[in-house]
Amino acid sequence: MNTRRFGLIALPYAWLVLFFLSPLVIVIKISVANEAVAIPPYTPLFEGGRLHVTDANYLLLLSDSLYWKAYWGAIRYAAIATILTLLIGYPLAYGIARTPVRWRNLLLMAIILPFWTSFLIRVYAWIGLLKENGIVNHALLSVGLIDTPLRLIDNDFSVLLGLVYAYLPFMVLPLYAQLEKLDPALNEAAADLGARPLHIFWQVTLPLSLPGIAAGILLVFIPAVGEFVIPDLLGGPKTLMIGKILWDEFFTNHDWPTASALAIAMLVLLALPMGLMRRLLRGIA
Amino acid sequence: MNRLSLFLVASLIFGFVFLYAPIASVVVYSFNASRLVTVWAGFSLQWYGALFENEAIGRAARVSLQVALIAATGALGLGTLAAYGLVRYRRFAGRTLLAAMTTAPLVMPEIISGLSLLLLFVALEQATGWPQGRGIATIAIAHITLGIAFVAVIVEARLSAFDRSLEEAALDLGAGPVRVFLTITLPLIAPALAAGWLLAFTLSLDDLVIASFTAGPASTTLPMVIFSSVRLGVSPQINALATLILIVITVLVAGANRLLRVR
Amino acid sequence: MQIERLTKRFEPDAQPAVNNVSLAIDRQEFFALLGPSGCGKTTLLRLIAGFETADTGVIAIDGADMAGVPPYRRPVNIMFQNYALFPHMNVARNVGFGLRQERKPRGAVDARVVALLELVKMRALAARRPGQLSGGERQRVALARALAKEPKLLLLDEPLTALDRKLREEMRFELKHIHQRVGITFLMVTHDQEEAMSMASRLAVMNEGRIEQEGSPEHVYENPANRFVAGFLGAVNLFEGKVAGAEAGLLIVDSEAGRLAVAHSPLAAGTAVAVAIRPEKLRFMTARDTTTPNVLPGIVRTIAYRGEASTCQIELASGQLVRGTMSNGDGKAPVFLPGAALSLSFTPDAARLLQS
C-alpha cells in the first residue's frame with residue numbers, strides 16, 4: 001500500500017473505528033458491569049487488578065417477563081407493519097413504474113419528499129388526527145357516522161398505523177427501482193404465450209421483483225424493531241417495544257448496564273436481517 | 001389490462017392521500033386562530049408570531065443548524081474519502097472491515113448508535129478528560145458517523161458507474177492525477193456529493209434519538225424541543241414550526257433534485 | 001391471414017404509424033415486411049400480436065376477426081427482437097411457458113419441450129438460465145418458445161439483428177429449414193434487404209406507414225414500382241430525363257447522361273421519368289467500343305474490392321457518379337484501374353422506367 005492510498009483511507013478508517021466500532025465494544029463491556037451509585041453509574045471492568053464481569057443484567061432480561069414481552073412486541077409490531085407496508089407499497093410502486101415517464105419523476109419525488117421531511121413531525125401529525133377530540137373523530141361526529149368518539153390512539157392500531165406511515169417510502173423506493181427495470185417485453189411475451197394479466201403478475205412480475213421485495217422488507221423491519229418515537233407518541237402504556245424499554249431504562253431508571261444488555265439483545269435479534277441487508281446493499285452498489 | 005390500470009390508479013390515489021393528508025392537516029391547522037386543534041376558527045398567523053418570540057425554540061434551532069452544518073460537511077469529506085477508497089482500491093488490508101463500518105450505520109437502530117456513542121464519550125472523558133461534558137461537538141461527532149454511511153453509499157454508487165476511460169483520456173492528454181481529480185472526477189461526481197451533503201444535513205436536523213443521548217444540558221436541539229412539547233399534547237405553535245420546517249426542506253430537496261437532473 | 005385497410009395513429013394529429021395497409025398472407029408462407037426503421041413495420045407486427053389496437057381496419061386470421069381479442073387468446077406468437085426470455089426461468093421452463101398456460105398435463109408439456117429443444121438443437125442446455133446463454137443460443141430458445149403452441153402465425157421481429165454477421169448467415173438457413181419442417185406461417189419484420197430476399201417467399205416493402213410494393217423477392221427486385229423500392233432493395237443508378245418518343249418498339253428517353261433506349265410500353269412525349277439500372281447490369285467496355293446502344297463513357301474513380309466482385313464508382317461525362325459491379329470471376333473480363341477511361345452499356349430490357 002503506497003502512502004497516498006494510506007493517507008486517503010486512514011482518516012475515515014480511524015474515525016469509524018473510534019466512533020462506530022469502539023462504542024459497540026464499550027456497550028458490551030458495560031452490559032457485563034454492575035449498576036452502581038456513581039458517576040458513571042456502573043462498576044469498572046478492572047478494579048484492583050481484577051476483572052469484574054457479571055451476567056446479572058442478562059439474567060434479569062431472561063427472568064423478567066416485561067423484557068420478554070417488549071422483545072416479542074417489537075418483533076410482532078415490526079413484522080405486521082412490514083407486511084402491511086408491503087401490501088400498500090407494492091401496488092403504489094407498480095403504479096408509479098407503469099405511469100408515463102413524464103409523470104414518473106414527479107410521483108417519485110412525492111414519495112421521497114416525506115422521507116426527507118421530519119420524521120418526528122410526520123408522527124406528530126397523527127396525534128392531531130387520531131386523538132379523542134382530534135380531526136378524524138371530529139369529522140366522523142359531525143357527519144353523524146358515530147355518536148361517541150372512537151379510541152383511535154394509544155393502542156395497537158395507532159402504533160401500526162404510525163409504523164406503516166413512517167416507513168412506507170422505505171418500501172416503495174426499492175420496489176420501484178426493481179419494477180422500473182423490468183423489460184415490458186417480458187410482460188408482452190407472457191401475454192403472447194397465453195398468460196392472462198393476473199397470471200403474468202404471478203409468474204413474471206412478482207418473481208422478478210423479489211430482490212426489491214427483500215430489500216423493502218429489511219429496510220422497514222430493521223428500523224421498526226428498534227423504533228422508539230412511534231410507540232412513545234402513538235402507543236399507550238400497554239405498548240411494549242424493546243426500543244421504548246431501553247429508553248426508559250436509560251433515561252428514567254438510569255440503569256446503564258441493563259440498557260446496554262438490552263442493546264446487545266436487540267443487536268443479536270437484528271444481526272441476521274442486518275447482515276442480509278448489507279449483502280443486498282453491496283449488490284446494488 | 002384496463003382493470004389492472006384502474007386498480008393501480010386507485011392504489012396511487014390512496015397511497016398519496018395517505019402520505020400527504022396528515023402533513024396537510026398540520027399545515028392547515030398552523031393557520032388556525034383557535035388554540036383547539038380541531039375547531040377551525042378562521043385564518044390567523046398568530047402562532048407564527050408566537051413562534052418567533054419563543055426563545056427556547058430559537059436557541060434550539062441555532063444549535064440544530066450549527067450541528068447539521070458541521071455534521072454534513074464532516075460526513076461529506078470522510079464519506080467521500082471512504083467511498084473513493086472502497087471503489088478505487090480493490091484490495092488493501094482491512095478493506096472488508098471498512099466496507100462493513102461504512103454500511104452498518106445505515107441499518108443500525110438509532111437507539112443503539114446513540115447509547116453506544118454516549119457510553120464512549122463518558123468512557124473517553126473518564127480516561128482522557130475529553131470531551132468535557134457533552135454539547136454541540138459530541139452531537140456533531142455522532143451525526144458525522146451516521147452521515148458518513150449515507151454519503152459513502154451515494155458517492156460509491158456514482159463512482160462505480162463512472163467511466164474510468166474519461167480519467168484515462170485526461171491522463172493521456174497530459175493532466176496529472178490531482179488535476180484529473182479536480183477537473184474531471186470532481187465535476188462528474190458533484191451531483192452525488194451535493195445529494196450526500198444534503199441528506200446528511202437533513203438527517204442531522206431531523207434526528208431526535210441520537211441527539212437525545214449525546215446532547216448536554218445546554219445543547220438542546222430542535223427535535224428535542226419539539227419532542228418534549230409534543231409529549232404534552234398537540235400545540236398550534238408546533239404546527240407552525242412544523243410547517244416552516246416542511247417548507248425549508250421541500251425547497252432544499254426540490255432544488256437538489258433539479259441540480260441532480262441538470263448534469 | 002388477412003389485413004384490410006388497417007390504420008393506427010399514436011397521437012391524434014400525427015402522421016399515422018400504419019396507414020391504410022391491406023395485406024394477405026397465405027398458409028405456410030414465409031413473408032417478410034421490409035422497410036427502414038420507423039416505417040411502421042414493427043407497429044404492424046404489434047397490431048397483429050394484439051399489443052396495440054388499430055384505429056380502423058380489420059385483422060383476420062383464418063377468417064376470424066381479431067378485433068377485441070386480447071394477446072393471450074390470439075393464435076399468434078411472436079419472437080421478440082431482444083428475445084424477452086424470462087430471466088428467472090431456465091431454458092426448458094421458458095419454452096414450456098405457453099403450454100403451461102393451457103394447463104396441459106405435465107408429461108405432454110415436457111415431451112413437447114424436449115421435441116422443440118431438439119428442433120433448435122438446444123436440448124443439452126435445457127437447464128441453463130437465459131443469462132448463461134450466448135446470443136445465438138438465446139435466439140434458438142426464443143424461437144422454440146414461440147413455436148411451442150403451434151401458432152397459426154409466427155411473428156419474427158428483426159430475428160437476426162442482434163447476432164453477429166457470421167452467425168446471422170448461418171441462422172438464415174436454419175430459420176428457413178425450421179420453417180419448412182414445422183409448416184407454420186412465418187411473418188418476419190426486418191430492415192435488412194438481404195435478409196428479407198434470401199429468406200422470404202414473398203415480401204412487402206414498407207415506407208412511412210404504407211406498403212409500397214408486394215411480391216416475390218425476384219419480382220420486386222427486378223421490377224421496383226417506384227424510386228423508394230428501387231433504392232431500398234439493392235443499389236440502383238438513376239438517370240433523370242423526359243420521354244422523347246418511340247423507336248423500333250423501344251422508348252427513347254433524353255436524360256442527363258444522353259439518349260437512352262428502354263424496353264417499355266409507349267408514354268406521351270415529354271413525360272418526366274427516370275431510367276433505373278442496377279449496377280450488376282452495367283457492362284464494362286474499353287473506351288473505344290461504341291457500337292452498341294446505351295453507351296455511357298466515363299472514368300473509373302474508386303474501386304472497392306469485395307472478393308467475388310468489385311464495386312466501382314465511375315464518373316460519367318455529365319459529372320454524375322454511377323455505380324457498377326465488376327465480376328472477379330474467370331479473369332477474362334477486362335480489368336480497369338482507377339483513372340482508366342471506359343464505356344458502360346446496358347441492354348434496353350435490363351433497365352426499368354420509374355415515373356415520378
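Model, not experiment: these values are computed from the prediction. Below, chain A is the first sequence line, B the second, and so on; all start at residue 1.
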Worksheet item: With a 4.5 angstrom heavy-atom cut-off, which part of A:Leu233 approaches chain B: side chain, backbone, both or neither?
Response: side chain
Worksheet entry | Leading residue by heavy atom contact count with chain A [cutoff under 4.5 Å; candidates B:Ile249, B:Ile148, B:Ile141, B:Leu146] | B:Ile141
Discussion item. Counting the benzene-type ring for Trp, do A:Tyr124 and B:Phe227 have ring centres under 6.0 Å apart?
Written reply: no
Practice prompt. With the side chain counted from C-beta on, respond yes when A:Leu24 and B:Ile112 share a heavy-atom pair under 4.5 Å apart, and no when they do not.
Written response: yes
Response to the item:
Bottom line for A:Asn137: the part with an atom under 4.5 Å from chain B's heavy atoms is neither
Item to complete: Test B:Ser11 against A:Tyr94 for side-chain contact (heavy atoms from CB on, under 4.5 Å), laying out the working first.
Response: CA-CA 9 Å; B:Ser11 311; A:Tyr94 197 45; over 6 Å; no
Worksheet entry | Per-residue contact mode, A:Trp116 against chain B (heavy atom under 4.5 angstrom) | both
Discussion item. Can you tell me which portion of A:Leu16 sits under 4.5 Å from chain B's heavy atoms? Options are side chain, backbone, both or neither.
Written reply: both
Worksheet, complete the sentence: Note: vs chain B, highest number of non-hydrogen pairs under 4.5 angstrom among A:Val25, A:Val27, A:Ile121 is A:Ile121
Fill in: Contact class of A:Trp256 relative to chain B, heavy atoms under 4.5 angstrom
side chain
Worksheet item: Relative to chain B, which segment of A:Ile30 carries a heavy atom at a distance below 4.5 Å: side chain, backbone, both, or neither?
Response: side chain
Discussion item. Please report the interatomic distance CD1(A:Ile26) to CG(B:Leu124), rounded to the nearest 0.5 Å.
Written reply: 6.5 Å
Item to complete: Check whether any side-chain heavy atom of A:Phe115 lies under 4.5 Å from a side-chain heavy atom of B:Leu19, and answer yes or no.
Response: no
Worksheet item: Side chain, backbone, both or neither: which part of A:Leu262 has an atom under 4.5 Å from a heavy atom of chain B?
Response: neither
Discussion item. Any heavy-atom pair between the side chains of A:Leu92 and B:Leu12 that's under 4.5 Å?
Written reply: yes
Worksheet item: Please walk me through it: do B:Leu208 and A:Phe119 pass side-chain contact (heavy atoms from CB on, under 4.5 Å)?
Response: CA-CA 9 Å; B:Leu208 166 72; A:Phe119 182 83; over 6 Å; no
Discussion item. Report which part of B:Ser212 has an atom under 4.5 Å of a heavy atom belonging to chain A: side chain, backbone, both, or neither.
Written reply: both
Practice prompt. Please state whether the side chain, the backbone, both or neither of B:Ala149 comes within less than 4.5 Å of a heavy atom of chain A.
Written response: neither
Worksheet item: Could you go step by step and tell me if A:Asp232 and B:Arg231 meet the side-chain contact (heavy atoms from CB on, under 4.5 Å) rule?
Response: CA-CA 8 Å; A:Asp232 191 74; B:Arg231 270 184 142 172; 2.8 Å; yes
Item to complete: With rounding to the nearest 0.5 Å, note down the distance linking CG in B:Leu118 to CZ in A:Phe250.
Response: 4.0 Å
Fill in: Portion of B:Leu198 that has a non-hydrogen atom of chain A nearer than 4.5 angstrom
both
Worksheet item: Non-hydrogen atoms of chain B under 4.5 Å away: do they reach the side chain of A:Leu8, the backbone, both or neither?
Response: both
Worksheet entry | Most chain B-contacting option - heavy-atom pairs closer than 4.5 Å, from A:Phe201, A:Trp247, A:Phe228 | A:Trp247
Worksheet item: What residue, out of B:Glu110, B:Glu125, B:Met108, has the most heavy-atom pairs lying under 4.5 Å from chain A?
Response: B:Met108
Item to complete: Would you check if A:Tyr13 and B:Leu97 make a side-chain contact, meaning some heavy-atom pair closer than 4.5 Å?
Response: yes
Worksheet item: Measuring heavy-atom distances to chain A, does B:Val122 have an atom under 4.5 Å in its side chain, in its backbone, in both, or in neither?
Response: side chain
Discussion item. Out of B:Val87, B:Leu205, B:Ile226, B:Ile238, return the one with the most heavy atom pairs under 4.5 angstrom to chain A.
Written reply: B:Ile238
Worksheet item: At a heavy-atom separation under 4.5 Å, does B:Leu98 approach chain A through its side chain, its backbone, both, or neither?
Response: both
Worksheet item: Considering only heavy atoms from C-beta outward, does the side chain of A:Val225 approach that of B:Pro109 to under 4.5 Å?
Response: no
Practice prompt. Check each atom of B:Thr102 against the heavy atoms of chain A and say whether the ones under 4.5 Å are side chain, backbone, both or neither.
Written response: both
Worksheet item: So B:Val26 and A:Arg122, side-chain contact (heavy atoms from CB on, under 4.5 Å) or not? Walk me through it.
Response: CA-CA 9 Å; B:Val26 168; A:Arg122 285 189 297 137; over 6 Å; no
Discussion item. I need the A:Phe19 CZ to B:Thr138 OG1 distance, nearest 0.5 Å.
Written reply: 10.0 Å
